[in-house]
Protein chains: 2
Amino acid sequence: MGETTQTTRSPLWATTVGSDPAFLLARANALSLAAATASLAPLGLKVRSYSVLALAAADARPTQRELSEFLRLDPSQIVSVLDDLEHRGWVRREPDPRDRRVNVVVATDAGRAACARARSAVEDVQRAHFAVLDDDEAETFTALLRRLAGAGE
Amino acid sequence: MGETTQTTRSPLWATTVGSDPAFLLARANALSLAAATASLAPLGLKVRSYSVLALAAADARPTQRELSEFLRLDPSQIVSVLDDLEHRGWVRREPDPRDRRVNVVVATDAGRAACARARSAVEDVQRAHFAVLDDDEAETFTALLRRLAGAGE
DNA sequence: TATTGTTATACTCTATAACTATA
DNA sequence: TATAGTTATAGAGTATAACAATA
């Protein structure tokens with residue numbers, strides 16, 4: 001047993017491309033992204049809308065501009081994500097009384113509940129994705145990844 | 001000195017999203033991808049066309065189907081990448097005499113030269129990207145990443 | 001004059017299906 | 001009947017510029 005799940009194993013893995021860190025990073029991300037997307041689909045969320053919802057539900061009270069910069073999305077894309085989330089009653093735009101140009105994004109109770117369900121779903125698949133590493137390895141990997149991702153900037 | 005290069009440091013990094021491995025993976029990949037894309041642009045290449053050129057130049061003699069599966073691109077996307085590379089004289093489609101349906105992709109001498117220049121350019125920026133890790137850390141990271149990327153499958 | 005959020009538009013990327021020629 | 005490559009097309013994602021309200 002064990003051979004039943006064997007995959008095709010392309011000979012192209014033996015090339016320099018197959019061990020290029022940038023290529024591996026892209027591949028690992030594609031797998032992670034696909035798993036997260038699939039787990040969120042039943043909830044009517046995509047990775048982007050879930051990210052926005054999660055930041056709102058974290059009580060960070062982000063402005064649209066902050067969301068745009070942190071998620072590296074164009075401000076106009078934030079608009080459409082928020083339109084969708086607000087239309088479902090999961091998020092509200094609150095005008096900032098100190099600067100009436102800016103909106104602060106807050107999650108509703110329904111939004112928090114939806115976010116909790118979504119988080120549970122993505123954590124399940126991410127755990128499965130990281131199951132190829134033991135706990136120590138996963139911790140090491142994430143610590144190095146955090147620096148590579150430029151966390152904090 | 002040192003403060004001149006200080007970036008904005010979003011407060012959103014303090015949320016759970018900011019330490020989510022999947023988010024960090026996406027961010028690290030986006031940075032790597034943007035750097036590679038920028039370094040390849042002067043050569044008229046994108047990451048996808050460079051990947052195909054590199055696999056051809058590695059003498060792996062991939063079929064279009066193999067390229068499609070390994071790079072996780074639709075067969076029709078391989079067609080347009082190859083049309084572009086072939087039009088520039090960097091790659092040739094060679095019909096396989098044993099099965100006349102399949103084309104094997106090989107790099108021309110000009111293609112190998114272009115590939116060497118491209119490889120040098122991307123390696124420079126990738127080195128800079130990985131410079132936040134020392135050699136041991138980079139090696140550890142890549143080894144773990146390889147498993148996470150499902151290398152070999 | 002600069003900035004926040006918004007709208008509109010065009011471009012790229014991706015996914016899908018149908019077609020041909022071979023097997 | 002199935003597979004490799006090709007073509008065509010529609011949808012999603014992305015980038016850009018212009019605009020109104022506010023600072």
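Sequence lines set the chain letters: A, B, ... in the order given, protein chains first and strands last, and positions in each chain run from 1.
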Query raised in the report: Under 4.5 Å between any side-chain heavy atoms of B:E123 and B:S39, yes or no?
Result: no
Report task. Can you sort out which residues in residues 47-59 of chain B have a heavy atom within less than 4.0 Å of DNA chain D? Ascending by number, please. Result -> none
Atom pairs under 3.5 Å, N or O on each side, protein against nucleotides 3-8 of chain C: can you list them with distances?
unit_1 : atom_1 : unit_2 : atom_2 : d
C:dT3  : O4'    : A:R101 : NH1    : 3.4
C:dT3  : O2     : A:R101 : NH1    : 3.0
C:dG5  : OP1    : A:Q64  : N      : 3.3
C:dG5  : OP1    : A:N103 : N      : 2.8
C:dG5  : OP1    : A:N103 : O      : 3.2
C:dG5  : OP2    : A:R65  : N      : 2.7
C:dT6  : OP1    : A:R93  : NE     : 3.4
C:dT6  : OP2    : A:Q64  : OE1    : 3.1
C:dT6  : OP2    : A:Q64  : NE2    : 2.8
C:dT6  : OP2    : A:R93  : NH2    : 3.2

Report summary line: Walking DNA chain D from its 5' end, the first of A:L73 and A:P97 to be reached, judged by nearest nucleotide, is A:L73
Query raised in the report: Is the distance from OP1 or OP2 of D:dA12 to the nearest side-chain N or O of A:K46 less than 4.0 Å?
Result: no
Query raised in the report: Any ion pair linking A:R100 and A:D96 (charged N to carboxylate O, less than 4.0 Å)?
Result: no
Report task. Enter the distance from B:E137:CD to B:F130:CZ here, rounded to the nearest 0.5 Å. Result -> 12.0 Å
**Report entry** Separation of D:dG5 P from B:L67 CG (nearest whole Å)
**Finding:** 9 Å
Query raised in the report: Does C:dA21 have OP1 or OP2 sitting under 4.0 Å from an N or O in the side chain of B:R100?
Result: no
Query raised in the report: Do the ring planes of B:W13 and B:F23 sit parallel (below 30°), tilted (30 to 60°) or perpendicular (above 60°)?
Result: perpendicular
**Report entry** Cation over ring face, B:R27 and A:F70, 6.0 Å, 45°
**Finding:** yes
Report task. Kindly write out the residues that satisfy side-chain contact (heavy atoms from CB on, under 4.5 Å) with B:S32, not counting sequence neighbours, or none if the list is empty. Result -> A:A22, A:L25, B:Q126, B:H129
